[in-house]
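Structure first, commentary second.
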Amino acid sequence: MHHSSLKSSSSEGRGWPLGGHLCAVFGLFLLCFSSGLAAGMPAWLASAVASKSSGFEPEAKTLVLLDSRSLAYAADGTEVLVLRQAVLFRQPTDPFREGITGLSFDAKTSELRSANAWIVGADGKRTERLDGESFRQEALHSSQYFHDLEKSVYFTDLKKVAPGCILAWEYELRIPVGVFDEQQDFSSRVPVLRTVFEAKSAAGAGLLWHSGGSRIGAPMVLPDGEGYRWELGPRPAGNPGWFADFIAEPFFISVRSLNARNPLAPIRDWSVLSAWCAGQVDPLLVADAELRNRVAARVKDVNGRWDRIRSLATMVQHEISYYSDHRKGGILSGILPHPPSLVLRQGRGDCKDKAGLMVAMLRVLGEQAYCVMLNYDNPKAVSEEWPGLSTFDHVIVAIPADADPPPGWPVLEGGPAGRLVLLDVTDASSPLGTLPAVELGGAALVLAPQSGTLLRIPADIGGGSRLELRGEGRVDGDGVLRLKVVDTRQGGLGASRHWWRFTRRREELVRALEARVQAAMVGSSVAGVTVAWDETKVTDSLGYEVAAPGVLQTAGKLVLFSPCMLAGSPSLPAWGPGQEGWVRLDALVQEEELDLELPAGFVMETLPADWSATDVLMTGSLSYRIEGRRLLLRATRTQKGALLGRQEYDQLGRSLQKFESMRRRPLLLRRAPEL
Amino acid sequence: MLKLCKPPTAWIFGLLLLVICGRPARGEEPWVKAQSAELGAKVSSFEPDAPAEILNWRIDVNDRQFPEKRRFAEYVRYKVYDGERAGKLLKLSMETRMHDGYRVVEGSILARMTLPDGTVRLYGKEAVQERELVKNTVKRPGFIDSVFGATGVSVKEHFIPLGSLPSGAIVEVYIQQSMMPSRLYDLSLQRDRLPVRNLELHVKVATDEQSFTHQGLLVNSTLLHIENNEKANNLDITGRDLPSLREEPLAGDLSLHSAAFISTYTSRRMASDKHANGIRIQATTEKPWLVISTIENSWFEDNTFVSDKFKAKAAALAGSSTDRIEQARRIHDFVQEVFLRNEDRLQAGYFHDKHYGRGDERQLEALLEPGALVKNDDEYRYGVSDILRFEMSLLRSAGFQVEGLVLPNRMHLQFSPKHAAAAFLADQACAISIDGTWYLSNPCSGEPLPFGMLPAKNCGSVGLLARFNAQDFIDVPLPSPDKTQERNLGNFVLGEDGTLAGDCTLILSGYNAASLRKLMSGAAKDKQAELLKEATAQFHAGAEVEILSHGDLVDPNKPFELRYRLRIPNFATLLEDRMVLQPFVFHRRTSSPFSAKERSHPIIFPYLRQEYDKVSILLPEGYEVETREAPASSPGKALSYKVALGLDPKTHALLSVREFTLGLPHVSVAGYPVIKQWHESIALSDQYKIVIRKKSESVTVQGH
């Protein structure tokens, strides 16, 4: 097998001295010679090609015949990962074709040693071999908020792969082991016929492994006893990107080398891991004079413990721009923050920089604050039984709660550090007193020398959000409704709406409101929009006036009027085919109250009966009362915060539909006989 | 004077001169001292809640070295009113590109920030960070490149991270670039969420008038002023108080409503295989398109062939049909198949590039074989236009009079025949004359369309026939609404518990069918039913859907038909002895697309269309309809909405018919209130509710 070196085929070849040119000419001959020898296909590819007519997923446009990964640890503290894939492209048009050959890696620490590809003709015999020239490398983060050397390499000549042909490729990557486990994710958006993963230990060092999810069985031990091999049979395509709140079932294997160079090799306990991380991070969280002065100036006129903390949190959230710079720091760059004084001076940093700055500033105030690591948007990513760092990707802050923190705050309980208020200083839309919904339900590692441990953040921590909709007004005899509405949101919902408003123009708010109100009341118009934000109560209020014509519909001798028009109609997307995982449900209390004067000259024919229902995830109730000409309506819905499996999700869908159908019931009025 | 100086003195003087003159970068820096009033301003004077505004925006485009080089300089002076909100709007970055070591785009970026207290921070070269966005490891297969190493493509981003942005600050950024110029560029002169106080655009046009004709066009330019200095060959555009851009539904591309400058160069020289020595065509005031038409003609003609193989295939496709329209349709369908099979192997992009013209009769003939795929190599890649010329070759070989046609895109630009530039007619089609009538065909649009139907974006205006030394436009009207229909038919039974269940048929034609076919073309057959089920379930939120059958997803000449079974629990609301239900099952959730009170831009509808629904709901035994009224209809010619309700006395089924016609391609801002109100009245009717009531027990008393 021939591997062409990516390094020598690119920019390093330019500007060589004469000797270099001779080498290159010699290399060229060698290349021609070796290419001639390797005109066929390697054995692993031949076996994949032989499985082409397996009959598995015959309609799939793209089928992965083989997904093979081989990991070999070396005694020098590095590992070599060889990825081999063979894919049958049955049809030329498949949206998954483009990204399928992509591999991301850290160009700062890792070396892509080779990239080779083969195209096997539809007859299974004719093979064209392609090397580095058919691959391209791109920066992975193409935005101004990241500056790292994460890159993606991918095959560029997909157009050469005709229908019925097999594209196979092989990457060889050399990676320093560092403190992170090697984590191989096997989720795929196209069906896979065969999966092989092999991990070999450095001689005598040993390995530990952990499988994420229930779909991966136990491995077999390699003949030399120095590693493991997993083999998975045919598996259909997954679809992890169903919608934002869907969390796919984990499908990965983590492997850890027990090499003496790996400082985490002996760690089997979260507390020890926490202490080790705290030992790395805490010495960096030093406050210099400038930082101390800034803290003092910031809280000079602020009374009250939480007000001071809020003032500092707001400063970090709003005045430190997000900017992730991983160019320095070696293999620990993913966990070590930049010095807080530098972050403050430059006015920029990423999550660990901002959390580090906040902890340093709180310590200036005499607070004992901690950095907390978690997975930002996948509560299933971190497994309690596998103490390690690979699945964490975000850092927030924990502050010891006093005896009586404000109600509704995210207070984490049960750890040796006592009750802790959680705060995300990276997310400017989550002020003190809230936590982004995506961070709920997962595990969090509190970094502390003695009292750190892994705790699970309850999905309904703080009791969730509260939404109150109150309307007061009248309907006249011509069917014109005039209503004053106050829409108050507290907690996460309030904070996110406030942030939405904050980042947009007033005109955009009015247009969005017009669209929402029009969807409920055709032809309506909105006026008198007022807004208010109470940061201490994390409450956002929106007031407006609605005028809607034609809300009374004549039906024979009756007039119909549908009074539940303030809240939108919640519905859930259908659970997609082949989906395995969970859906995040945010805790919510919603109240809708309407005080409405009905038109003169009508009598009530039918008032919908009061209704209520309770199930495991949701309760709903509706009550209607008539006082003279006034209709008093109250609708409440409470849903629990949870991660829902398929059955619970379907049950919730049915409950919501029932609630909606009851909520939609109109009043029937009859014109009063004239005297 | 220098001659009098001794050499060392001259050297020193020369060096001094070099030092003074050799600092162009500093000399060119455009920084403007911030005035205290500017620094003290708290809100934008003409868009009070803008987080920032552009005080000065100057763009210099220098095309004097066109077509070798274009120099571009941009200076923007921002006033920050709200640092955090403005942070995401001020992007201080630029890209450079290299190809095999050759600088395609190079440049520099500098910035300066004046803090509210007057402190000035400079961000020079040392503050600029760069990172590689794209690096191609390609080594070209030539010997020289193999030995000396080609570096492939490299794209870098150069950016200045400012960190926190204090409210009140003034930020200035200055970007200079030089690049290989394209013939067409357009500059949007308005910004998203950022109003512009003062704008200056200075264009130095290429002076090589023998080779190129320049066309500079200002669009949506009521706020701009242009001065054409013909002597100096300069264009100077200025503007004041340009509002920030506003997003609105159905407003077309940004270029339709943003003030923009469009610059194009059109070649005056032709390189034609059939006119090998080159021909000079002179455009006239009356016929400004003569050159363009002739060049387009050469593109089509050079690569269109009449041969025995093409003739044989055309005859085979025609079969026994003697109908010329049917014969042309069969050729269109065959070429569309070839296109769809090869779509992702064809070079997209701009047509007017000789590189994508294969110019090889045998290569085009090879596509006549069943299942043939284009064979790209390092020299040539097949382009979409090659497939169009493949169609022309077949049509010509069948004896049709066929010509190339170039077309504007009405979603992108309002076309005017007065402004002659090839870039304004960037799309192509074939025009076939049959018995004196033009039939138009584009089998390469991506959306599988029937013969005679062009993509809607190319309709509603005119097309230029690609003729030698002639300027002939033909009308290309938008297909009438009946060509694009959505028909929903439903036979339902309403249960006593309010559940609606029954079988439905959806029939789509025209652009509706083409969009669906395009969407489904990426899915395997067994996934198509799943996708259709998912989409139908989403449309009827909360409903249970079973797909019974679906029609042809390939043949563009047939309407698409979907049959499905629907069950909607809680469809009717139960109220004691009554039920309330919505008879227009398929449009009961319709809301108006126009919710905003006011409108800034004209409405552009993508195409004209019709909807037709016919629904029968068998009511539960023992119920009678209490509602006597019908919802409002608004019949009309261009816009029409008609609904009818009735009760079948035999079957006791509630019958509803709904017809909707949109026959207007666009509506002006002045017409917005009318169209808004029309859509609202439709939504009210679509959401109409019917009350049915359980009959009271009737007792028959038999008399003696």
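Here is how names work: the chains are called A, B, and so on, in the same order as the sequence lines, proteins then strands, and each is numbered from 1. Everything numeric in this text was worked out from a predicted model, so none of it was measured.
- Heavy-atom distances place no part of A/Arg654 under 4.5 Å from chain B, backbone and side chain included.
- For B/Arg578, the part sitting under 4.5 Å from any heavy atom of chain A is the side chain, from C-beta outward, and nothing else.
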Checking B/Gln129 against A/Tyr323 for the side chain to side chain contact (heavy atoms under 4.5 Å, CB included) test, could you report, in this order, the C-alpha distance in whole Å, the side-chain angles of both residues, the deciding distance, and whether it holds? CA-CA 12 Å; B/Gln129 300 192 10; A/Tyr323 180 67; 2.6 Å; yes
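- Going from atom CZ of B/Arg693 over to atom CG of A/Leu668 covers 9.5 Å, rounded to the nearest 0.5 Å.
- B/Glu680 and A/Gln518 are linked by a side-chain donor-acceptor pair at a separation below 3.5 angstrom, with hydrogens and angles left out of the test.
- Salt bridge status for A/Glu508 with B/Arg246: absent, with no side-chain N to carboxylate O gap under 4.0 Å.
- Looking at every heavy atom in both residues, B/Phe571 comes nearest to A/Arg664 through O-NH2, 4.0 Å.
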Derivation of the side chain to side chain contact (heavy atoms under 4.5 Å, CB included) call for A/Ser562 and B/Lys689: CA-CA 11 Å; A/Ser562 301; B/Lys689 296 184 184 81; 3.6 Å; yes
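- Here the NE2-CZ distance, from A/His318 to B/Arg85, works out to 12.5 Å after rounding to the nearest 0.5 Å.
- Chain B forms the most heavy-atom pairs under 4.5 Å with one residue out of A/Thr554, A/Val526, A/Thr503, and that residue is A/Thr554.
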Determine, step by step, whether A/Arg511 and B/Glu598 satisfy the side chain to side chain contact (heavy atoms under 4.5 Å, CB included) criterion, reporting the C-alpha distance in whole Å, the side-chain angles of both residues, the deciding distance to 0.1 Å, and the verdict. CA-CA 9 Å; A/Arg511 271 189 281 145; B/Glu598 289 162 355; over 6 Å; no
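- A donor-acceptor pair under 3.5 Å links the side-chain atoms of B/Asp49 to the main chain of A/Arg506, judged by distance alone.
- Distance check, rounded to the nearest 0.5 Å: CE of A/Met662 to OG1 of B/Thr573 gives 8.5 Å.
- Of the two parts of A/Leu572, neither the backbone nor the side chain holds a non-hydrogen atom closer than 4.5 Å to a non-hydrogen atom of chain B.
- Applying the 6.0 Å contact sphere to CZ of B/Arg121 captures no more than 12 heavy atoms from other residues, nucleotides or ligands.
- Here B/Asn570 is the residue among B/Asn570, B/Val580, B/Leu89 with the most heavy-atom pairs under 4.5 Å with chain A.
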Do B/Glu47 and A/Glu507 pass the side chain to side chain contact (heavy atoms under 4.5 Å, CB included) test, and can you show the C-alpha distance, the side-chain angles, and the key distance before you say yes or no? CA-CA 10 Å; B/Glu47 286 192 13; A/Glu507 179 193 321; over 6 Å; no
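- Heavy atoms of A/Ala512 lying under 4.5 Å from chain B are absent altogether.
- To the nearest 0.5 Å, the span separating CD on A/Glu319 from CG on B/Leu165 amounts to 11.5 Å.
- Taking a 6.0 Å sphere around CD of B/Glu247, one finds it holds 12 or fewer heavy atoms contributed by other residues, nucleotides or ligands.
- What you find for B/Ala596 and A/Glu514 is that their closest heavy atoms are CA-OE1, 3.1 Å.
- Put simply, CD on A/Glu605 and CG on B/Leu575 are 10.5 Å apart, with the number rounded to the nearest 0.5 Å.
- Residue contact with chain A, scored on non-hydrogen atoms closer than 4.5 Å, involves the backbone of B/Leu574 exclusively.
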Using side chain to side chain donor-acceptor pair (under 3.5 Å), reason through A/Arg505 and B/Ser244 one step at a time and then give a plain yes or no. CA-CA 11 Å; A/Arg505 312 271 296 267; B/Ser244 53; 3.1 Å; yes
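- If you measure heavy-atom distances from B/Ser595 to chain A, the contacts under 4.5 Å come from both the backbone and the side chain.
- Ranked by heavy-atom pairs under 4.5 Å with chain B, the list A/Ile320, A/Leu607, A/Leu656, A/Leu558 is led by A/Leu558.
- Contacts of B/Tyr688 with chain A are made by both backbone and side-chain atoms, with heavy-atom separations under 4.5 Å.
- Of the atoms belonging to B/Lys533, not a single heavy atom falls under 4.5 Å from chain A.
- No part of B/Ala86 comes within reach of chain A, as not one of its non-hydrogen atoms sits under 4.5 angstrom from that chain.
- Heavy-atom distances place both the backbone and the side chain of A/Gln657 under 4.5 Å from chain B.
- Both the backbone and the side chain of B/Pro569 come within less than 4.5 Å of a heavy atom of chain A.
- Of the residues considered (B/Gln687, B/Lys597, B/Arg628, B/Lys676), B/Lys597 shows the highest number of contacts with chain A, using heavy-atom pairs under 4.5 Å.
- B/Ser591 approaches A/Ala519 most closely through the heavy-atom pair CB-CA, 4.5 Å.
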